[in-house]
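Okay, structure first, notes after.
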Amino acid sequence: MTIHAVSATEAAADAAGTREKLVHTAHELIPLLRENAERTERDRRLTDEVTEAVRSAGLFQACTPRASGGSGGGVRTLVEVTAELARGDGSTGWVAFIANATAFGLGLFPDDVRAAVYTDPHNVAISQFTPIAAATEVDGGYRLTGKWPFASGSHQAQWTLTAFKVLDDAGEVREVRYALMSAADLTIEDTWYVAGMAGTGSNTYIANDLFVPSGFTLDLDTFMGRKFPSWLPEEPGYRAPLATVACLAIVGPIMGMAEAAWDLVLDSMKSGRPISAAYSDIREAPGYRLALADARTAIDTGRFHLLRAADGIDSAAHEGRILEVGERAKLRGDAAVATRSFRNAVDLLLDIGGTRSFALSNPLQRVWRDIEVASRHGLNNVLMNREEFALSLLGMDQAFPDSL
């Protein structure tokens, strides 16, 4: 299926310029994020100083449509901006990923709905894509009751996009939809107590018989990118499957965490510390030098696969082309390779750092805990992503029709 396309050259140049500015802005915040990282983790939420800095810099709105006051960034922008923030602090990069992936999804809604969300262009929407809660259809919309755990960014959000099951008169699931709800209409239950990514504030949202108008919901086909809405004709980048976007973009912060570990270990090695009676300077040890080279290669390998996949989604969207199931499976395969590469890099860097890496005074241990948790999120299931890619190679794509 093909929809009206825009000039690929113009789109690429525009996207690159936007991305460069946003990534530079994110890079400038790294010292602030590192300074606040310990308190962010201790308080289990981003500090007010960090929240305000990221919000005012427009980095929660990097992927908000320009028609709604955002920067209109594509998937590669989403990946690179959140990676740079995560290089400063994993939790901050993660919340920015959630905010921007959801902002990307708001491009699937009509103008009047986005206008209700962006009464302030710096408003933040977050999302939970597991259909746990149930709803009944009523005149003009749906009534939702239930809980949505893992609401990353719950302390920063004004809106949330959540999956829900629509029940028929017999109580059976008729379909899955996605509801855009004001956070002011929900209750936050304090449930986020974890070993890593503690600062994301990923608490539980609760709704009790909440009415959501039909226009504030999405059907599964639109969410999955099996059809496109007609909104935003001047911003074709939003013609992309939100499910695939999220499963790929989630690796952006993980890349940033690997880069943070690289920064810390490289600085440590350059100090020339002794490691044994045999080597008074770690830089003289061949094994440690090789481990450093292997870690850099692993990060670069992950970056290659991740950015190639992001460019693939952006290009298809600008061409007005719906991604085939096999293409989506390959994108998930890229996400799996990237995730494993970044984790392997951090393992190598921890070998170089040694036991001192795990001192609570060493920020490397926080990076380690953060990447171990973040890289095992349900949207980034390495084992399933590899399986889906393998099935597509065998022509067995329909084994996972709703996840692709």
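For clarity, every value in this text was computed on a predicted model and none was experimentally measured. Both backbone and side-chain heavy atoms feed into the values below; hydrogens, waters and symmetry mates do not.
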Heavy-atom donor-acceptor pair, [X] side chain to [Y] backbone, under 3.5 Å:
X: W192; Y: M197; value: yes
X: D314; Y: V75; value: yes
X: S127; Y: T162; value: no
X: T339; Y: A335; value: yes
X: N100; Y: A103; value: no
X: Q128; Y: I126; value: no
X: T102; Y: I98; value: yes
X: T130; Y: I132; value: no

Output yes when [X] and [Y] qualify as a salt bridge under the 4.0 Å nitrogen-oxygen rule, no when they do not.
X: R239; Y: E319; result: no
X: D300; Y: R296; result: yes
X: R303; Y: E259; result: yes
X: R87; Y: D263; result: yes
X: R76; Y: D311; result: yes

Quick check: closest heavy atoms across [X] and [Y], and the distance to 0.1 Å?
X: L161; Y: F109; result: CD1-CZ, 3.9 Å
X: T191; Y: S202; result: OG1-O, 4.4 Å
X: W231; Y: L108; result: NE1-O, 3.0 Å
X: L307; Y: E80; result: CD2-CG, 3.9 Å
X: L323; Y: A316; result: CD2-CB, 3.6 Å
X: A249; Y: L78; result: CB-CD2, 3.4 Å

Given the side-chain rings of F164 and Y178, with only the six-membered ring counted for Trp, is the space between their centroids under 6.0 Å?
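Judged by ring-centre distance (under 6.0 Å), F164 and Y178 do not meet the cut-off.
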Residue pairs fulfilling salt bridge (Lys or Arg N to Asp or Glu O under 4.0 Å) with at least one residue in [range], sequence neighbours excluded:
range: residues 265-274; answer: none
range: residues 95-105; answer: none
range: residues 187-200; answer: R44-D190, K147-E189
range: residues 334-359; answer: R308-D334, K330-D334

Contacts of V117 meeting side chain to side chain contact (heavy atoms under 4.5 Å, CB included) (sequence neighbours excluded), chain-then-number -> L106, W159, L180
Filter on ring pair (Phe, Tyr, Trp, His ring centres under 6.0 Å), then keep only pairs touching residues 77-102, sequence neighbours left out; what's left?
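Checked against ring pair (Phe, Tyr, Trp, His ring centres under 6.0 Å) - neighbours excluded - the pairs reaching residues 77-102 are W94-F97, W94-H377.
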Applied to residues 201-222, the ring pair (Phe, Tyr, Trp, His ring centres under 6.0 Å) test, sequence neighbours excluded, yields none
Cut-off 3.5 Å, side chains only: do S357 and N362 have a donor facing an acceptor? no
Output all residues satisfying ring pair (Phe, Tyr, Trp, His ring centres under 6.0 Å) with [X], sequence neighbours left out; order by chain, then residue number.
X: F129; answer: F223
X: F358; answer: W368
X: F104; answer: Y238

| said: Other residues, nucleotides and ligands only: do more than 12 of their heavy atoms fall within 6.0 Å of CZ on R386? | reply: no
**Prompt:** In terms of heavy-atom contacts, does CD of E327 have more than 12 from other residues, nucleotides or ligands at under 6.0 Å?
**Reply:**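 Yes.
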message = Which residues pass the side chain to side chain donor-acceptor pair (under 3.5 Å) test with D281, not counting sequence neighbours?
response =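 D281 satisfies side chain to side chain donor-acceptor pair (under 3.5 Å) with R283 only.
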Suppose we screen for side chain to side chain donor-acceptor pair (under 3.5 Å). Which residues come up paired with Q365, at least two apart in sequence or across chains?
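Expected list: R369.
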